[in-house]
Amino acid sequence: MTRRTKTRFGTDERATGTGGKHAAGLAVVLALGLAFSTLAALAAGTQVYDPKTRQWTDYNRTKAYQYYKLHKQVPESFRPQVVKFRTAEQPGTIIIDGNQHFLYLVQPGQQAIRYGIGVGREGFGWAGIVKVGRMAEWPTWTPPAEMVARDPKARPWANGMPGGPDNPLGARALYLYEDGHDTIYRIHGTPEPWTIGLDVSSGCIRMNNGDIIDLHSRIKVGAKVIVLMQGAALYKGV
């Protein structure tokens with residue numbers, strides 16, 4: 001079972017820089033245990049910190065849905081915010097901390113815009129260094145053959161589901177490439193906003209539609225994407 005860390009949100013956050021491609025891959029893996037100054041003791045499952053009660057609470061699909069139904073938004077920790085973020089990476093780089101369910105868009109002045117995300121469920125997590133190969137607004141969703149084979153709900157859309165509010169890719173999609181080839185992984189919106197902060201996907205990084213629209217407006221094709229996830233399989237080339 002993948003183990004995640006508890007994080008006190010809103011503190012100074014760090015990520016290591018990277019150099020050559022293979023050395024960078026090793027640095028990324030090592031960074032999982034060392035790069036974030038906010039890491040605490042390991043704990044099974046996702047937890048969120050409530051600044052009002054000063055308590056850590058478990059955060060699963062049931063609680064996430066109940067919270068969203070009551071508040072019409074995700075917990076404050078998973079809403080976009082500017083944070084201090086020390087890194088050697090250039091502004092415009094995306095750094096994904098899959099264990100803590102955050103996506104950072106590096107900004108000038110040792111800052112980053114931090115968004116909440118949903119990530120791959122157990123067995124579908126991955127880590128690596130890729131690039132944004134292309135982008136799309138209200139993209140068509142075409143499930144890969146492996147998903148069509150295992151998921152009856154995906155089979156009717158084997159040839160593609162038109163973009164729209166019910167499309168699993170949501171309002172925008174950033175297609176992740178490695179060495180010029182599509183990895184089949186995306187950073188995309190979702191029609192299920194309550195799933196932000198959970199391990200729910202088949203490997204893609206999901207965001208609230210409003211957040212992916214904002215990220216899409218700030219990103220250019222070719223942007224570097226670093227995906228960190230403790231205990232995950234390494235993607236090809238790392």
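- Across every non-hydrogen atom of Ile219 and Ala223, the tightest pair is CG2-CB, 4.0 Å.
- For the pair Arg114 and Phe102, the cation-pi criterion (under 6.0 Å, within 45° of the ring axis) is fulfilled.
- Side-chain contact between Val119 and Val200 is absent, with no heavy-atom pair separated by less than 4.5 Å.
- You'll find the side chain of Tyr104 reaches within 4.5 Å of the side chain of Asp97, heavy atoms only.
- Ring pair Trp126/Tyr185 is parallel by interplanar angle, where below 30° counts as parallel and above 60° as perpendicular.
- In this structure, the separation between CD1 on Ile226 and CD1 on Ile129 is 5.5 Å, given to the nearest 0.5 Å.
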- request: Take Asp151 and Arg155 through the salt bridge (charged side-chain N to carboxylate O under 4.0 Å, His left out) test and state the conclusion after the steps.
  value: CA-CA 7 Å; Asp151 187 352; Arg155 290 170 193 164; over 6 Å; no
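- Atoms CD and CG, from Glu192 and Leu198 in turn, are 10.5 Å apart once rounded to the nearest 0.5 Å.
- Within a 6.0 Å sphere centred on CZ of Arg61, other residues, nucleotides and ligands contribute 12 heavy atoms or fewer.
- Between Tyr65 and Trp194, the ring planes lie perpendicular to each other; the angle is over 60°, past the 30° to 60° tilted range.
- Side-chain contact between Pro108 and Gln90: absent, with no pair of heavy atoms (C-beta onward) separated by less than 4.5 Å.
- In this structure, the separation between CZ on Phe78 and CG on Asn208 is 11.0 Å, given to the nearest 0.5 Å.
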- prompt: Are Gln110 and Lys84 close enough, and set up right, to give a side chain to side chain contact (heavy atoms under 4.5 Å, CB included), and what steps lead you there?
  reply: CA-CA 6 Å; Gln110 298 298 299; Lys84 292 181 181 179; over 6 Å; no
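- Across Met161 and Pro168, no two heavy atoms sit closer than the pair SD-CD, 3.6 Å.
- The minimum heavy-atom distance between Lys63 and Asp58, with the atom names listed, is CD-O, 3.3 Å.
- Side-chain contact between Leu228 and Ile96 is absent, with no heavy-atom pair separated by less than 4.5 Å.
- Cluster annotation: Trp138 is not connected to Trp141 through the hydrophobic network of ILVMFWY side chains, with a link wherever side-chain heavy atoms come within less than 4.5 Å.
- The distance from atom OG1 of Thr87 to atom CD1 of Ile95, rounded to the nearest 0.5 Å, is 4.0 Å.
- One finds the NE2 atom of His188 at 6.0 Å from the CZ atom of Arg206 (value rounded to the nearest 0.5 Å).
- Side-chain contact check for Leu105 versus Arg218: some heavy-atom pair is nearer than 4.5 Å.
- The distance from the CG atom of Asp199 to the CG atom of Asn60 is 11.5 Å, given to the nearest 0.5 Å.
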- prompt: Going through the checks in order, is the side chain to side chain contact (heavy atoms under 4.5 Å, CB included) test met by Thr190 and Met207?
  reply: CA-CA 6 Å; Thr190 179; Met207 305 174 67; over 6 Å; no
message: Quick one, Ile113 with Leu215, criterion side chain to side chain contact (heavy atoms under 4.5 Å, CB included). Give me CA distance, side-chain angles, the key distance, then yes/no.
response: CA-CA 9 Å; Ile113 302 174; Leu215 179 64; over 6 Å; no
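- The hydrophobic cluster containing Leu103 does not contain Tyr175, counting ILVMFWY residues as joined when their side-chain heavy atoms lie under 4.5 angstrom apart, directly or transitively.
- Looking at Glu178 and Lys131, no side-chain N of the basic residue comes within less than 4.0 Å of a carboxylate O on the acidic one, giving no salt bridge.
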message: What verdict does the side chain to side chain contact (heavy atoms under 4.5 Å, CB included) test give for Asn159 and Thr142, after you've listed the backbone C-alpha separation in whole Å, the side-chain angles of each residue and the deciding distance to 0.1 Å?
response: CA-CA 6 Å; Asn159 295 320; Thr142 304; over 6 Å; no
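- Residues Tyr177 and Val130 fail the side-chain proximity criterion, which asks for heavy atoms closer than 4.5 Å.
- Put simply, the side chain of Tyr67 does not reach to within 4.5 Å of the side chain of Val74, judged on heavy atoms.
- Pro139 places none of its side-chain heavy atoms less than 4.5 Å from the side chain of Arg172.
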